[in-house]
*Asks:* 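One structure, pasted below without further comment.
Quick note: numbers below take in every heavy atom, side chains included, and nothing from hydrogens, waters or symmetry partners.
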Amino acid sequence: MTDHDSDEQHGFHRHGDNAFVAEFSESEREVLINLVEQIIELLGERTDNHVDDPLAAMVGITTHDSPPEDEVLLRLLPNAYADQVDAAEFRRYTESTLRGKKYAHSMSMRITLKSSVDGIVEVDHDGANDWLGAMNDIRLALGVRLKVEQNSHEELELLAPDDPMRGVYAVYSWLGWLQESLIVALMDEAI
């Protein structure tokens, strides 16, 4: 997964007018499924089942007004404002919708991976956007676990070969490359 220049690695490429295709080895496919399922599980942890107001439930207003305690979930669903009162009010009106959108992106990616034949994934424009959103969320989650900050890539690249975080960083980097290949394929469409 780390040798992005090998002949076996092509990432996503445009196929026809509205399709984007990538081929994954079985191990790559399993890694992606595992990671996207972790995001799905994480996003499902804080659901609001106690809304008494049917209109509030219908439009996505939640009783949650505090940020998530889990650091990964907080990165996926950050505060919009530094002021805690404003952040809490904004969260009540937006968290449910944001969570639902992220969940839908992840489910789309999972379904596509699970139904792929011989590791070949094909998505249309909407599917490509779902994949970009889901891959971004996976990378955000991995970035929290890796404690990625500005200019920390150099430090992460120097991890010892036996450091367990080295494999996580390799996946994090590979996902960045995969995202880039999909963006380039989408840009080819616009040209």
*Asks:* If every non-hydrogen atom of L178 is compared with every non-hydrogen atom of G11, which pair is closest and at what distance?
*Replies:*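 Minimum heavy-atom separation between L178 and G11: CD1-CA, 4.0 Å.
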*Asks:* Yes or no on side chain to side chain contact (heavy atoms under 4.5 Å, CB included) for R14 and F20, after CA distance, side-chain angles and deciding distance?
*Replies:* CA-CA 5 Å; R14 189 175 167 72; F20 306 92; 3.8 Å; yes
*Asks:* Rounded to the nearest 0.5 Å, how far does CE of M135 lie from CD of E180?
*Replies:*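 Separation between the atoms: 11.0 Å.
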*Asks:* To the nearest 0.5 Å, what is the distance between OH (Y172) and CG (L140)?
*Replies:*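 Taking OH in Y172 and CG in L140, the distance rounds to 8.0 Å.
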*Asks:* Apply the test side chain to side chain contact (heavy atoms under 4.5 Å, CB included) to residues L73 and L77: give CA-CA distance (whole Å), side-chain angles for both, the deciding distance (0.1 Å), then the verdict.
*Replies:* CA-CA 6 Å; L73 198 52; L77 306 167; 3.8 Å; yes
*Asks:* Would you check if K147 and M165 make a side-chain contact, meaning some heavy-atom pair closer than 4.5 Å?
*Replies:*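 No - every pair of side-chain heavy atoms lies 4.5 Å or more apart.
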*Asks:* Apply side-chain hydrogen bond (donor to acceptor under 3.5 Å, both in side chains) to Q84 and list each qualifying residue two or more places apart in sequence or on a separate chain.
*Replies:*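 For Q84 there are no side-chain hydrogen bond (donor to acceptor under 3.5 Å, both in side chains) partners, ignoring immediate neighbours.
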*Asks:* Please determine whether side chain to side chain contact (heavy atoms under 4.5 Å, CB included) holds for the pair L132 and H105, giving the CA-CA distance in whole Å, both sets of side-chain angles, and the decisive distance to 0.1 Å.
*Replies:* CA-CA 8 Å; L132 287 173; H105 289 164; over 6 Å; no
*Asks:* State yes or no: are the ring centers of W131 and F12 separated by less than 6.0 Å?
*Replies:*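 Yes, the ring centres sit under 6.0 Å apart.
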*Asks:* How close do I120 and V21 get, counting heavy atoms only, and between which atoms?
*Replies:*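 Nearest pair, atom of I120 first, then V21: CG2-CG1, 3.8 Å.
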*Asks:* CG of L182 to NE2 of H13: how many Å apart, nearest 0.5 Å?
*Replies:*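 Answer rounded to 0.5 Å: 12.0 Å.
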*Asks:* Could you check whether the rings of W174 and F24 sit parallel, tilted or perpendicular, using 30° and 60° as the cut-offs?
*Replies:*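 Aromatic pair W174/F24 classed perpendicular.
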*Asks:* Look up atom CG in L35 and atom CD in E37, then write down how far apart they are to the nearest 0.5 Å.
*Replies:*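 Reported to 0.5 Å precision, the distance equals 10.0 Å.
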*Asks:* Tell me whether L113 is reachable from W177 by hopping between hydrophobic residues (I, L, V, M, F, W, Y) whose side-chain heavy atoms are closer than 4.5 Å.
*Replies:*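 Yes, same cluster.
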*Asks:* Looking just at side-chain N and O atoms, do E30 and N34 make a donor-acceptor pair shorter than 3.5 Å?
*Replies:*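 Distance-only check fails for E30 and N34.
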*Asks:* Would you check if the side chain of R166 reaches a backbone N or O of P161 as a donor-acceptor pair within less than 3.5 Å?
*Replies:*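 No: the side chain of R166 does not pair with the backbone of P161.
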*Asks:* Members other than F90 in its cluster, when Ile, Leu, Val, Met, Phe, Trp, Tyr link by side-chain heavy atoms under 4.5 Å?
*Replies:*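 Noted: F90 shares its cluster with Y81.
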*Asks:* Evaluate the side chain to side chain contact (heavy atoms under 4.5 Å, CB included) criterion for residues M109 and I39: first the C-alpha distance (whole Å), next the side-chain angles of each, then the deciding distance (0.1 Å), finally the verdict.
*Replies:* CA-CA 11 Å; M109 182 177 176; I39 295 296; over 6 Å; no
*Asks:* Can you name the nearest heavy-atom pair linking S106 to I40, along with the distance?
*Replies:*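 Of all heavy-atom pairs spanning S106 and I40, the closest is CB-CG1, 3.5 Å.
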*Asks:* OG of S173 to CG of L146: how many Å apart, nearest 0.5 Å?
*Replies:*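 Answer for the OG-CG pair, S173 versus L146, is 8.5 Å.
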*Asks:* In Å, rounded to the nearest 0.5 Å, how long is the span from OG1 of T112 to CZ of R29?
*Replies:*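 Between T112 OG1 and R29 CZ, I get 11.0 Å after rounding to 0.5 Å.
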*Asks:* I need the full list of salt bridge (Lys or Arg N to Asp or Glu O under 4.0 Å) pairs touching residues 118-144, with sequence neighbours left out, sorted by first then second residue.
*Replies:*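 As it turns out, the salt bridge (Lys or Arg N to Asp or Glu O under 4.0 Å) pairs with a partner in residues 118-144, which skip direct neighbours, are K102-D137.
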*Asks:* Is the shortest heavy-atom distance from the side chain of V123 to the side chain of N129 under 4.5 Å?
*Replies:*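 Side chain of V123 against side chain of N129, heavy atoms only: no contact under 4.5 Å found.
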*Asks:* If hydrophobic clusters are built by linking Ile, Leu, Val, Met, Phe, Trp and Tyr wherever their side-chain heavy atoms come under 4.5 Å apart, do L74 and Y103 end up in the same one?
*Replies:*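 In one cluster with L74: Y103, no.
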